[in-house]
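Structure first, commentary second.
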Amino acid sequence: MHAKVVVVGSLNMDLIVRMPRFPVAGETLAGHGFATAAGGKGANQAVAAARLGATVAMVGCLGDDANGTELRAGLLAEGIDCSGVATVPGVATGIATILVDDAGQNAIVIAAGSNAEMTAERLADHDGLLAAADIVIAQLEVPTATVEATLLRAHELGRTVILNPAPAVGPLPESWYSLIDYLIPNESEAALLTGIAVDSPRSALQAAQKLLANGARRVLITLGSQGVFYADGERHLHLPVEPVVAVDTTAAGDTFVGGFAAGLAEGMPLESAIRLGQQAAALAVTRPGAQPSIPHRHELPA
């Protein structure tokens, strides 16, 4: 199967608790809803790309448990090539506990589980998938050495490389920047990467300029309700979005990344690919859950 988009990354089962507000330290707070849903930044991005028109393959690791079985079945149902998804004996599938308040904001705690088993050696076993791809996407929910190996190999193969630096904990290794064609952080991730507080298109420009100076070819900073800021070595632009009422922002960024990649894989001009990702993310935040919220292409405006 020739997958135009290959995603190397995490697969989680999300445990979602809804509550009026986030608790403070030491407080027990009554929630008003619980659900489980397929998630993980890598799997979310793979599902988004598939639902928005791309042919997709996933590379990652699941545990040999009920969560792993369910997550694999979900990806296969989306038409995603799972030949690169290993089941690791004796290891639990990754989980994310997601707290969602009544304003639609979230706080997330991740237990990596099987995602920690996604090593560079396992990646090498699926080199054929990378070689056959047009676009390779990585995030930071698998070991750092695996992310680096993904970037190096995809760049070596001449593939378009997208890095979503999430969850970010600080600056990226300097050697990574020259390997990345599209670096896509959100506001908080851009701030952690650059030390610049990002809360507007103006501050996004400052952060993007620093990331470009570090060696990134192109930078897209997602700004939530303020849209997306794009910059490369020659130009920059701000693409706003129509306001929506957010129910749950989980997977909004992943939906954008997957949609943007699907647009590029389809041959869309840059701004059209960005718009596709924006339209999909705007619809996703009006629905609960991670993968359940991700729209299909036919649901978007023409």
Side-chain angles (χ1 to χ4, degrees), residues 10-24 27 29-52 67 70-71 74-75 77-78 94-110 139 141 164 166-167 184-189 198-200 220-228 239-262 274-302:
S10 57
L11 306 97
N12 289 329
M13 183 61 75
D14 291 347
L15 313 177
I16 306 160
V17 182
R18 301 192 68 88
M19 61 201 61
R21 58 174 176 80
F22 297 126
V24 299
E27 179 184 17
L29 185 67
H32 50 67
F34 172 75
T36 61
K41 294 196 71 63
N44 293 344
Q45 291 170 12
V47 168
R51 288 184 183 172
L52 295 166
N67 285 339
E70 183 175 342
L71 292 177
L75 293 180
E78 301 289 347
I95 62 132
T97 301
I98 303 175
L99 308 182
V100 183
D101 70 11
D102 283 348
Q105 297 302 304
N106 63 52
I108 303 173
V109 178
I110 295 171
Q139 330 76 34
E141 285 186 343
N164 172 221
I184 311 181
N186 66 15
E187 311 105 300
S188 61
E189 292 151 5
V198 177
D199 58 7
S200 66
L220 291 88
I221 300 177
T222 58
L223 299 170
S225 61
Q226 296 186 77
V228 172
L239 292 89
V241 290
E242 294 293 327
V244 297
V245 178
V247 171
D248 182 356
T249 58
T250 307
D254 297 332
T255 301
F256 173 79
V257 171
F260 174 69
I274 292 174
R275 291 291 188 197
L276 179 63
Q278 286 182 301
Q279 289 176 341
L283 186 52
V285 301
T286 67
R287 305 168 169 179
Q291 288 173 32
S293 74
I294 299 170
H296 292 80
R297 183 70 167 265
H298 67 81
E299 298 178 87
L300 303 183

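The shown structure was predicted, so the numbers you read here are calculated from the model rather than taken from an experiment. Scope of the values below: all heavy atoms of this structure, side chains included, with no hydrogens, waters or symmetry mates.
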Exercise. Would you find a donor on one side and an acceptor on the other, under 3.5 Å apart, between the side chain of Gln226 and the backbone of Asp199?
Worked result: yes
Seminar exercise, completed: Nearest heavy-atom contact between Leu71 and Gly39 is CD2-N, 4.3 Å
Exercise. When you look at Leu220 and Ile274, which way does the side chain to side chain contact (heavy atoms under 4.5 Å, CB included) test go after all the steps?
Worked result: CA-CA 9 Å; Leu220 291 88; Ile274 292 174; 3.6 Å; yes
Problem set entry | CG on Leu11 to CD on Glu141, rounded to 0.5 Å | 9.5 Å
Problem set entry | Closest non-hydrogen atom pair between Ala166 and Glu189, with its separation | CB-OE2, 3.0 Å
Side chains of residues 40-52: which donor-acceptor pairs under 3.5 Å do they make with residues two or more places apart or in other chains?
from	atom 1	to	atom 2	distance (Å)
Lys41	NZ	Asp254	OD1	2.6
Asn44	OD1	Gln291	NE2	3.3
Asn44	ND2	Gly40	O	3.3
Asn44	ND2	Asp254	OD2	2.9
Gln45	OE1	Gln139	NE2	3.1
Gln45	NE2	Asn164	OD1	3.0
Gln45	NE2	Asp254	OD1	3.0
Arg51	NE	Glu78	OE1	3.2
Arg51	NE	Glu78	OE2	3.1
Arg51	NH1	Gln291	O	2.8
Arg51	NH1	Ile294	O	2.7
Arg51	NH2	Glu78	OE2	2.6

Exercise. Among pairs that include at least one residue of residues 274-295, which meet salt bridge (charged side-chain N to carboxylate O under 4.0 Å, His left out), considering only residues two or more places apart or in two chains?
Worked result: Arg287-Glu299
Which donor-acceptor pairs under 3.5 Å do the side chains of residues 12-20 make with protein atoms, sequence neighbours left out?
from	atom 1	to	atom 2	distance (Å)
Asn12	OD1	Asn115	ND2	2.7
Arg18	NH2	Val247	O	3.1

Exercise. Can you name the residues that form a side-chain hydrogen bond (donor to acceptor under 3.5 Å, both in side chains) with Gln279, not counting sequence neighbours?
Worked result: none
Problem set entry | Where Ala252 and Val285 come nearest, the two heavy atoms and their spacing | CB-CG1, 3.5 Å
For this session: Measure the shortest side-chain to side-chain distance between Val257 and Thr255 over non-hydrogen atoms and say whether it is less than 4.5 angstrom.
Result: no
Seminar exercise, completed: Sequence neighbours excluded, the answer for side chain to side chain contact (heavy atoms under 4.5 Å, CB included) partners of Ser188 is Asn186
Problem set entry | Residues that Thr286 engages under side chain to side chain contact (heavy atoms under 4.5 Å, CB included), provided they are two or more places apart | Val244, Leu283
Seminar exercise, completed: Residues at least two apart in sequence or cross-chain that pass salt bridge (charged side-chain N to carboxylate O under 4.0 Å, His left out) with Glu27, listed by chain then number, are Arg21
Problem set entry | Nearest heavy atoms of Val241 and Gly224, plus distance in Å | CG2-O, 4.0 Å
Exercise. Taking only residues two or more places apart in sequence or in another chain, which ones pass side-chain hydrogen bond (donor to acceptor under 3.5 Å, both in side chains) with Asp102?
Worked result: His32
For this session: Would you please name every residue forming a side-chain hydrogen bond (donor to acceptor under 3.5 Å, both in side chains) with Asn106, sequence neighbours left out?
Result: Thr249, Thr250
Exercise. Excluding sequence neighbours, so at least two apart, what forms side-chain hydrogen bond (donor to acceptor under 3.5 Å, both in side chains) with Thr222?
Worked result: none
For this session: With sequence neighbours left out, write down each residue that passes ring pair (Phe, Tyr, Trp, His ring centres under 6.0 Å) with His298, or none if nothing qualifies.
Result: His296
Exercise. Which pair of non-hydrogen atoms, one from Pro292 and one from Ala38, has the smallest distance, and what is that distance?
Worked result: CD-O, 4.2 Å
Exercise. Checking side chain to side chain contact (heavy atoms under 4.5 Å, CB included) for the pair Phe22/Leu29: CA distance, chi angles, key distance, verdict?
Worked result: CA-CA 8 Å; Phe22 297 126; Leu29 185 67; over 6 Å; no
Exercise. Could you go step by step and tell me if Leu276 and Phe260 meet the side chain to side chain contact (heavy atoms under 4.5 Å, CB included) rule?
Worked result: CA-CA 6 Å; Leu276 179 63; Phe260 174 69; over 6 Å; no
Problem set entry | Side chains of Pro288 and Val100 in contact at under 4.5 Å (non-hydrogen atoms) | no
